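Keep in mind it's a predicted model, so treat the numbers as computed, not measured.
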Amino acid sequence: MNVLTAERVQRSFTRSFQSYHDGATQQARVAQLLARRLAHLGAPVRFAEAFEFGCGTGHLTHALSDRFRIASLILNDLVPSAAQLANTVNAEFLPGDARVIDWPEAPDLIASASTLQWMEAPEDLLARAARALAPGGWLVVSSYGPAQYRELAALGSAAQAPGLRGADLLADAIATTDAGRFDVLEARERTHRLWFDTPRDVLRHLRHTGVNAKASKTWTRADLSQFDTDYRAAFGRADQVPLTYHPVWIIARKRP
């Protein structure tokens with residue numbers, strides 16, 4: 001995420017912060033999946049210190065807190081409004097860009113959901129997480145792969161997040177780090193479609209969840225009409241139109 005992208009992401013998610021939590025149903029599902037898989041793969045019930053970067057409105061924060069006891073929880077987000085979440089869960093809040101702020105020293109859990117895709121080089125942030133993690137600690141992250149919003153890309157949209165990667169590439173970034181040996185316990189991905197009544201409903205969905213943060217286009221009425229026509233012609237089926245999601249997730253443990 002370069003400076004321009006970071007500013008756009010911050011503005012977009014600040015505007016959509018109140019609508020994001022209810023609108024981001026797919027991000028919420030991924031957060032629940034991460035917590036469930038982390039427990040299934042043998043993570044301890046209790047963590048001494050956990051750090052979550054890109055906490056947003058708290059989908060993953062709450063999913064982890066429901067399944068694990070965390071003595072000290074530190075949350076980070078680019079949007080200052082996320083401090084509200086920290087206050088509600090008795091956590092410390094570190095505002096700012098996760099790439100440049102000071103992280104806590106050697107937490108035994110580092111987590112993030114639906115954030116890495118906004119980085120120009122998500123592998124670099126994963127490498128930083130690997131270095132920061134305590135020996136024996138756990139890393140659980142999700143992002144999105146290259147098929148994310150492929151309908152928009154096919155129509156020439158430049159609004160896609162810059163760091164879309166498959167699970168294998170993200171797993172390699174962890175496994176090859178010089179920060180100690182890791183066991184990548186799970187590296188998986190899937191694709192699924194949401195269906196909407198109209199292409200304009202797709203745009204509303206994106207606006208309510210802030211995930212069009214890289215977009216800079218100013219839409220005219222003619223643009224909207226052409227988008228509606230093109231989207232229906234290319235992807236319409238039985239009076240509905242799809243939008244593809246491509247979540248990827250990694251769960252790894254740093255060897256003691």
With a cut-off of 6.0 Å (strictly less than), are more than 12 heavy atoms of other residues, nucleotides or ligands near CG of N90? no
Do T229 side-chain atoms and S225 backbone N/O form a donor-acceptor pair below 3.5 Å? yes
Please give me the minimum heavy-atom distance between L34 and S112, naming the atom from each residue. CD1-O, 3.9 Å
Has H40 got more than 12 heavy atoms of other residues, nucleotides or ligands less than 6.0 Å from its NE2? no
Salt-bridge present (D124, R128; N to O < 4.0 Å): no
Can you confirm if the aromatic rings of Y149 and Y144 lie within a centre distance of less than 6.0 Å? no
Counting distance only, does the side-chain N/O of D223 pair as donor-acceptor with the main-chain N or O of T220 below 3.5 Å? yes
Quick one: does W249's side chain have a donor or acceptor within less than 3.5 Å of a partner on R37's backbone? no
For the pair D108 (side chain) and G137 (backbone), establish whether a donor and an acceptor sit closer than 3.5 Å, ignoring hydrogens and angles. no
If you count every heavy atom of other residues, nucleotides or ligands that lies below 6.0 Å from D66 atom CG, does the total exceed 12? yes
Do you know which two heavy atoms are closest between L85 and G56, and how far apart they sit? CD2-O, 3.7 Å
Look at the aromatic rings of F53 and F51 and report parallel, tilted or perpendicular, splitting at 30° and 60°. tilted
Any donor-acceptor N or O pair under 3.5 Å, side chains Q32, R29: no
Would you say Q117's side chain and G163's backbone share a donor-acceptor pair under 3.5 angstrom? no
Between R193 and Y245 (side chain of the first, backbone of the second, donor and acceptor by atom type, cut-off under 3.5 Å), is there such a pair? no
Main-chain N/O of A238 paired with Q240 side-chain donor or acceptor, under 3.5 Å: no
